[in-house]
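Position 1 is the first residue of the sequence, and the numbers go up from there. Indexing begins at 1, ligand by ligand and atom by atom, following the structure's order.
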Amino acid sequence: MNSKSYAAQSAAAALAPLDIPRREPGASDVEIEILYCGVCHSDLHQARNEWRNTVYPCVPGHEIVGRVARTGPGVTKFQAGDLAAVGCMVDSCRSCANCEAGQEQYCLSFPTFTYNSEDKRLGGHTYGGYSTDIVVDEAFVLRVPEGMDLAAAAPLLCAGITTYSPLRHWKVGPGQKVGVVGLGGLGHMGVKFARAFGAHVVLFTTSPRKIEDGLRLGAHEVVVSTDGNAMAEHRSSFDFILDAVSAQHDIDAYLNLLNLDGTLTLVGAPEHPLPVSAFNLILPRRNFAGSAIGGIAETQEMLDFCAAHGIGSDIELISIQQINEAWERLLRQDVRYRFVIDMASLK
Ligand code: NAP
Ligand code: ZN
Ligand code: ZN
């Protein structure tokens with residue numbers, strides 16, 4: 001069957017309509033009619049080939065919420081009419097040590113990502129959620145808890161889990177001073193989760209116009225990172241910093257803020273390498289780490305946590321026809337704080 005989508009045909013091309021193939025649901029597959037899809041900065045990095053591995057046509061989108069249309073005969077978790085969600089992965093080897101540990105995002109054979117991965121079922125490569133429908137094995141489909149605002153839930157599937165997972169892994173909680181760098185899609189979820197986990201939260205932003213929003217979203221303090229004096233006041237005082245910046249920036253400026261054994265975890269994935277001074281790691285024994293999304297079980301845990309605590313993304317709903325303009329606004333740091341596509345606009 002065919003689905004309607006928006007695709008990039010090259011790194012320089014704007015997104016434009018394209019009909020794409022989707023497989024007929026197999027035994028354990030769920031066919032989902034997509035209602036909302038969040039707009040991640042990774043969509044833009046990928047479509048513009050900033051990571052040098054893009055296959056065209058590229059249909060981005062990995063923050064998917066929709067309704068189950070059909071299920072294969074072996075499906076047990078879903079039935080037609082249910083709400084369902086899909087994040088950054090649609091499959092993995094399921095047998096390596098990392099998959100067995102529920103860390104499918106670190107599958108030793110690489111997960112099948114929702115877009116731009118080899119499509120082992122249909123051939124070619126996978127197409128993401130800027131489309132009307134998607135077919136995914138039920139093992140990689142998430143349940144959407146009752147009562148959630150569906151459009152505000154979509155960004156949880158990437159921005160949510162990518163910030164929830166490292167904050168949990170490094171056991172962020174009461175009594176800790178935690179920084180979040182960059183108030184975009186990921187950063188605003190990082191602020192909400194770090195606050196919900198009980199830490200003292202400091203937001204770092206390059207955009208003075210975002211100070212009030214930072215406080216409203218849950219930060220106890222907001223530091224404009226271009227203010228050298230304000231940065232110096234926080235020297236060697238943080239337990240943990242989550243860096244969610246999408247472009248080149250000075251990592252040393254943030255390593256400097258960590259206390260003994262503090263950790264700076266990068267989730268942002270800029271196009272070019274980021275230099276780090278050896279002495280900013282050596283003294284006083286700091287850690288520089290990275291983290292990718294989260295496993296399927298942890299993604300479900302995060303969705304359930306959000307439902308229980310009334311956490312959603314702050315979104316601006318757009319039509320698919322506004323996507324190219326939205327991407328330009330992302331590049332100008334003009335996002336409050338996630339664009340979500342109303343997929344009814346593509347029908
Ligand atoms: P976004 O909404 O565009 O937010 C990025 C924020 O970074 C901006 O709002 C801005 O915050 C800050 N920023 C942008 N340019 C900057 C610059 N030149 N210098 C300093 N700060 C700058 O992006 P996103 O969707 O949250 O994604 C953030 C990054 O995470 C992207 O690189 C994305 O690919 C990556 N990502 C990684 C994973 C993973 O698994 N590790 C998952 C999803 C996304 P202020 O205005 O507050 O400064
Ligand atoms: Zn993403
Ligand atoms: Zn695996």
Side-chain angles (χ1 to χ4, degrees), residues 37-48 50-51 60-64 87-89 91-116 128-129 154-166 180-191 203-211 213-214 217 219 222-226 242-251 253-254 265-272 274 289-295 299 313-316 326-339:
C37 185
V39 177
C40 181
H41 206 112
S42 299
D43 301 349
L44 189 160
H45 288 307
Q46 189 75 66
R48 298 190 176 175
E50 291 176 7
W51 298 328
H62 56 206
E63 294 183 336
I64 298 166
C88 301
M89 302 179 282
D91 210 347
S92 72
C93 88
R94 308 191 200 189
S95 59
C96 74
N98 293 352
C99 284
E100 294 218 319
Q103 306 277 349
E104 300 89 352
Q105 75 277 32
Y106 304 122
C107 174
L108 295 170
S109 311
F110 287 105
T112 302
F113 291 108
T114 305
Y115 57 83
N116 206 63
L156 301 176
L157 278 299
C158 176
I161 186 60
T162 302
T163 50
Y164 182 94
S165 181
V180 176
V181 188
L183 195 64
L186 268 58
H188 93 290
M189 292 311 306
V191 167
L203 167 70
F204 295 93
T205 179
T206 60
S207 308
R209 67 182 186 282
K210 295 182 184 172
I211 292 175
D213 282 347
L217 292 163
V222 179
V223 175
V224 177
S225 53
T226 48
L242 188 68
D243 182 329
V245 175
S246 54
Q248 296 320 109
H249 61 292
D250 183 5
I251 289 291
Y254 296 100
T265 296
L266 199 60
V267 286
E271 179 174 5
H272 300 293
L274 299 165
S291 182
I293 45 176
T299 305
S313 179
D314 283 36
I315 66 154
E316 182 174 335
W327 278 13
E328 292 313 312
R329 284 181 55 194
L330 271 191
L331 289 173
R332 294 198 299 269
Q333 301 170 217
D334 176 20
V335 52
R336 291 179 179 232
Y337 280 89
R338 199 56 143 185
F339 295 111

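The main-chain N or O of Trp51 is never found under 3.5 Å from a side-chain atom of His45 such that the two would form a donor-acceptor pair. Judged purely by atom type and a 3.5 angstrom limit, Asp213 has no side-chain atom pairing as donor or acceptor with the backbone of Lys210.
The distance from the Zn ion (ligand 2) to the nearest N/O/S atom of Cys40 is under 2.8 Å. The Zn ion (ligand 2) has no N, O or S atom of His41 closer than 2.8 Å.
For ligand 1, the polar-atom distance check against Ala292 finds no nitrogen or oxygen pair separated by under 3.5 Å. Between Tyr337 and ligand 1, a contact under 3.5 Å exists for no N or O pair. Every N/O-N/O distance between Trp51 and ligand 1 stays at or above 3.5 Å. Close N/O approach between Leu186 and ligand 1 is found [any backbone or side-chain N/O within under 3.5 Å]. Checking only distances, Thr206 does come within under 3.5 Å of ligand 1, N or O to N or O. Residue Val267 has at least one N or O atom closer than 3.5 Å to an N or O atom of ligand 1. Residue contacts with ligand 1: Gly185 is placed with a nitrogen or oxygen under 3.5 Å of a nitrogen or oxygen of the ligand (distance criterion only). Close N/O approach between Cys158 and ligand 1 is not found [any backbone or side-chain N/O within under 3.5 Å].
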- [ ] Could you walk me through whether Val39 and Trp327 pass the side chain to side chain contact (heavy atoms under 4.5 Å, CB included) test, one step at a time?
- [x] CA-CA 8 Å; Val39 177; Trp327 278 13; 3.5 Å; yes
Open item on the list: What verdict does the side chain to side chain contact (heavy atoms under 4.5 Å, CB included) test give for Phe204 and Val180, after you've listed the backbone C-alpha separation in whole Å, the side-chain angles of each residue and the deciding distance to 0.1 Å?
Closed with: CA-CA 6 Å; Phe204 295 93; Val180 176; over 6 Å; no
Open item on the list: For Asp314 and Leu217: C-alpha separation, side-chain torsions, deciding distance, then whether side chain to side chain contact (heavy atoms under 4.5 Å, CB included) applies.
Closed with: CA-CA 9 Å; Asp314 283 36; Leu217 292 163; 3.5 Å; yes
- [ ] Assess whether side chain to side chain contact (heavy atoms under 4.5 Å, CB included) is satisfied between Leu330 and Phe339, documenting all intermediate values.
- [x] CA-CA 9 Å; Leu330 271 191; Phe339 295 111; 4.2 Å; yes
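Here the SG-CD distance, from Cys107 to Glu100, works out to 11.0 Å after rounding to the nearest 0.5 Å. With rounding to the nearest 0.5 angstrom, the CG atom of Leu183 is 9.5 Å from the OG1 atom of Thr206. Atom CZ of Arg336 and atom CZ of Arg329 lie 9.0 Å apart (nearest 0.5 Å). From Ser165, atom OG reaches atom CD of Gln103 across 6.5 Å, with rounding to the nearest 0.5 Å. Between the CZ atom of Phe113 and the CD atom of Gln46 there is a distance of 9.5 Å, given to the nearest 0.5 Å.
Taking the ring centroids of Tyr115 and His62, they lie under the 6.0 Å cut-off.
Ion pairing of Arg338 with Glu63 is present here, as a side-chain N (NZ or NE/NH1/NH2) and a carboxylate O approach within less than 4.0 Å.
Ranking the protein heavy atoms by distance from atom 30 (O) of ligand 1 puts Gly268 CA, 3.3 Å first. In this structure, the protein non-hydrogen atom closest to atom 40 (O) of ligand 1 is Ile293 N, 2.9 Å. Of all protein heavy atoms, the one closest to atom 44 (C) of ligand 1 is Ser42 OG, 3.2 Å.
Taking a 4.0 Å cut-off on heavy atoms, Arg338 registers as neighbouring ligand 1.
Note: angle at the Zn ion (ligand 3), from SG of Cys107 to SG of Cys93, is 100° (rounded to 10 degrees). With the Zn ion (ligand 2) as the vertex, NE2 of His62 and SG of Cys158 span 110° to the nearest 10°.
Closest to atom 46 (O) of ligand 1 by heavy atom, among Ser207, Ala244, Pro270, is Ser207. Taking all heavy atoms of Glu271, Arg332, Gln46, His41 into account, the minimum distance to atom 24 (P) of ligand 1 is reached by His41. Among Gln248, Gln333, Arg336, His45, the residue whose heavy atom lies closest to atom 10 (C) of ligand 1 is Gln333. Heavy-atom proximity to atom 12 (C) of ligand 1, evaluated over Val39, Val222, Val245, Asp43, is greatest for Val245. One option in Gly38, Gly182, Gly184 has a heavy atom closer to atom 4 (O) of ligand 1 than any other, and that option is Gly184.
Residue Thr162 has at least one heavy-atom neighbour below 4.0 Å for each of these atoms of ligand 1: 38 (C), 39 (C), 40 (O), 41 (N), 42 (C). Heavy-atom proximity to Lys210, at under 4.0 Å, picks out these atoms of ligand 1: 9 (O), 11 (O), 45 (P), 46 (O), 47 (O). When each atom of ligand 1 is checked for a heavy atom of Leu330 under 4.0 Å away, the hits are 2 (O), 3 (O). Listed by number with element, the atoms of ligand 1 under 4.0 angstrom from any heavy atom of Thr205 are 45 (P), 46 (O), 47 (O), 48 (O). Within the listing of ligand 1, atoms 15 (N), 16 (C), 17 (C), 18 (N) sit less than 4.0 angstrom from a heavy atom of Ala247.
Among Thr265, Val267, Leu274, Ile251, the one residue that satisfies the side-chain contact (heavy atoms from CB on, under 4.5 Å) test with Asp243 is Ile251. When the options Ile161, Thr162, Ile293 are evaluated for a side-chain contact (heavy atoms from CB on, under 4.5 Å) with Thr299, the one that passes is Ile161.
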